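Structure first, then comments.
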Amino acid sequence: MTENLNPFAIAQAQLDEAAAVLQLDPDMHAFLRQPMREFHFTIPVKMNDGHTEIFQGFRVQYNDARGPAKGGIRFHPKETIDTVRALAAWMTWKTAVSDIPLGGGKGGVICNPREMQPDELERLSRGFMRAISRYVGLTKDSPAPDVYTNPQIMAWMLDEYEVLTGHHEPGAITGKPLQLGGSAGRGPATAMGGMFTIREAAKLRGMTLEGATCAIQGYGNVGGFAHRLAHDLFGMKVVAVSDEYGGIYSANGLNPNDVVKHLQQTGKVIGCPGTDNINNKELLELDVDILIPAAIENQLTGQNANQIKAKIVAELANGPTTPEADNILNDKGIYIIPDFLCNAGGVIVSYFEMVQNAYQFYWDEPMVNDRLDKKITTAFLAVHEMAQAKKVDNRVAAYLVAVNRVAEAVRLRGWV
Ligand code: NAD
């Protein structure tokens, strides 16, 4: 039987497994299986060749029982409503497992930003905000960056929002440039949080991180910072990295400065001097201590899970592992740090950004990182304890912690 790779079907199947362990009330289960609200809209954008391109946009507010929806906006040629639904569901569990007072949401546009000019991207970003401005904001739903969106795009969206609403409201969007109320440490936050969870997992596994080998798939905001931090914080030997065009390998370890320099010059990691080319499939199957998927969904599947040799898989990407692969990796004794725990650093620091915006009083980077460490390590330990107590794998344990918290908020509100 072929594997179902629909991300939302996967997110629902993961919830179903947790609901069975929790013996969740069937009405609550049915409620938590679906997004509470979703918006589908067109965004007409004047392109530089004179024609008007009609883009399709989505915003899903999956669940806001614990607080305003929160989640990134992805610009991707293969974006689908089911990907956005899945990512919004995972945001709901992520904010809950991190115990921050926010719900879960996500947005997306079907487009290829790699083929668009900066002014076209600005008009698209402003168009996205015009389409949803009435339904987002500090107390409703606060977007942030995700794949192929960045602080500049957040700045355009915030500006459009503030022009439309007629007041300043910096917490309406996070991942902003520092000059517009962004938080120190938000850039590396997702990777930094992931490093704290890797540190804790390594302690449990009795693994020394100094000199441990590592492969990272994806070299954007998350994967790029993961390389630098693994190298700088722990002295790990990152032997392979990749992006959408392919990967590079060096048995002696890759220096992040060299890779970033080459990426800035050529737009790709392949061809970095002193390295061998490998493809993404080979990278995932390398014999390394730690594998970090930091690109997109469905990278570890029933097709390749048997070939994975890493001892720890730290899921900095959202949804990189299918349920079939999950079973295989768990049977092989591979320690998985599940996505909505491993990559929660981004939303935790986004929450810190909202707090700083509310007080108009800003923290320095060491304070941000220290508070991030406390939050994500507490979440990691709660998941670990749940896994031990219920004798379940880490992903199911993370769901048990998160779903309990969301269900409790739903019950207290009297919705179900
Ligand atoms: P990004 O756009 O900055 O970078 C994406 C990277 O992945 C790029 O290097 C791109 O070339 C690479 N890539 C794309 N398709 C690929 C493929 N098929 N094979 C290999 N590499 C591929 O995006 P990002 O913000 O770094 O996000 C990466 C992942 O982390 C996503 O799953 C995202 O949802 C997740 N995430 C991001 C944040 C955040 O704060 N940015 C927070 C939590 C989770």
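As a basis for the values below, the full set of heavy atoms in this structure was taken, side chains included, without hydrogen atoms, waters or symmetry mates. Keep in mind that this is a model prediction, so the values were computed, not measured. Here, residue 1 is the first one in the sequence, and each next residue gets the next number.
With hydrogens and angles left out, the side-chain atoms of N48 and R123 include a donor and acceptor closer than 3.5 Å. No side-chain N or O of K237 forms a donor-acceptor pair with one of T213 less than 3.5 Å apart. For the residue pair R186 / S350, a side-chain donor-acceptor distance below 3.5 Å is found, with atom types taken as modelled. E285 and N304 form no side-chain donor-acceptor contact under 3.5 Å, judged by distance and modelled atom types alone. Of the N and O atoms on the side chains of Y362 and N357, at least one donor lies less than 3.5 Å from an acceptor on the other residue.
Salt bridge present: R74 and E297 bring a charged side-chain N and a carboxylate O closer than 4.0 Å. Ion pairing between D82 and R85 holds under the 4.0 Å rule for side-chain N and carboxylate O. Classification of R395 and E17 as a salt-bridged pair fails, no side-chain N sitting under 4.0 Å from a carboxylate O.
Between I337 and N394 there is no side-chain heavy-atom pair separated by less than 4.5 Å. Annotation: side chain of N150 is not in contact with side chain of P145 (no heavy-atom distance under 4.5 Å). Using a 4.5 Å heavy-atom cutoff, the side chains of I292 and C214 are in contact. Considering only heavy atoms from C-beta on, R371 stays 4.5 Å or farther from I348 through its side chain. Counting only heavy atoms from C-beta outward, the side chains of F75 and L121 approach each other to under 4.5 Å. Inter-residue side-chain proximity for W363 and V355 is flagged as met; some heavy-atom pair is nearer than 4.5 Å.
For the pair F41 and F128, the tightest heavy-atom approach, listed with the atom from each and the gap, is CZ-CE1, 3.6 Å. Nearest approach of V313 to I334, heavy atoms of both residues: CG2-CG2, 3.7 Å. Scanning all heavy atoms of the two residues, the minimum distance from G247 to I270 falls at O-CG2, 3.4 Å. Nearest heavy-atom pair across P44 and I54 is CB-CD1, 3.9 Å.
Results of the side chain to side chain contact (heavy atoms under 4.5 Å, CB included) test with T322 over N4, L5, I328 single out L5 as the only residue that passes. Evaluated for a side chain to side chain contact (heavy atoms under 4.5 Å, CB included) with F380, the options E385, K375, E200 yield exactly one hit, E200. The side-chain hydrogen bond (donor to acceptor under 3.5 Å, both in side chains) test with K70 singles out one residue from D141, D64, T174, and that residue is T174.
Applying the 6.0 Å contact sphere to CD of Q303 captures no more than 12 heavy atoms from other residues, nucleotides or ligands. Annotation for R33: atom CZ counts as buried by contact number, over 12 foreign heavy atoms lying within 6.0 Å. Other residues, nucleotides and ligands place no more than 12 heavy atoms under 6.0 Å from the NE2 atom of H168. Enclosure of atom NZ in K390 is not indicated, since only 12 or fewer non-hydrogen atoms of other residues, nucleotides or ligands lie within 6.0 angstrom.
Within the model, atoms CD of Q388 and NE2 of H384 stand 4.0 Å from one another, a figure rounded to the nearest 0.5 Å. Atom NE2 of residue H262 and atom NZ of residue K268 lie 9.0 Å apart, to the nearest 0.5 angstrom. Of the inter-residue distances, the one linking I132 atom CD1 with Y161 atom OH reads 10.0 Å to the nearest 0.5 angstrom. The structure places OG1 of T378 at 8.5 Å from CG of D373, a figure rounded to the nearest 0.5 Å. Considering CD of E210 and CE of M236, their distance stands at 11.0 Å, rounded to 0.5 Å. Interatomic distance, CD of E38 versus CZ of R59, reported as 12.5 Å (0.5 Å rounding).
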For residues 98-110, please give each side-chain donor-acceptor pair under 3.5 Å, one per line with the distance, not counting sequence neighbours.
unit_1	atom_1	unit_2	atom_2	d
S98	OG	K94	O	2.6
D99	OD1	R66	NH2	3.0
K106	NZ	D146	OD1	3.1

Give every donor-acceptor pair under 3.5 Å between a side-chain atom in residues 271-279 and any protein atom, sequence neighbours left out.
unit_1	atom_1	unit_2	atom_2	d
T275	OG1	C272	O	2.6
N279	OD1	K281	N	3.1
N279	OD1	E282	N	2.8

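The aromatic rings of F58 and H40 sit perpendicular to each other, their planes meeting at more than 60°, with 30° as the lower class boundary.
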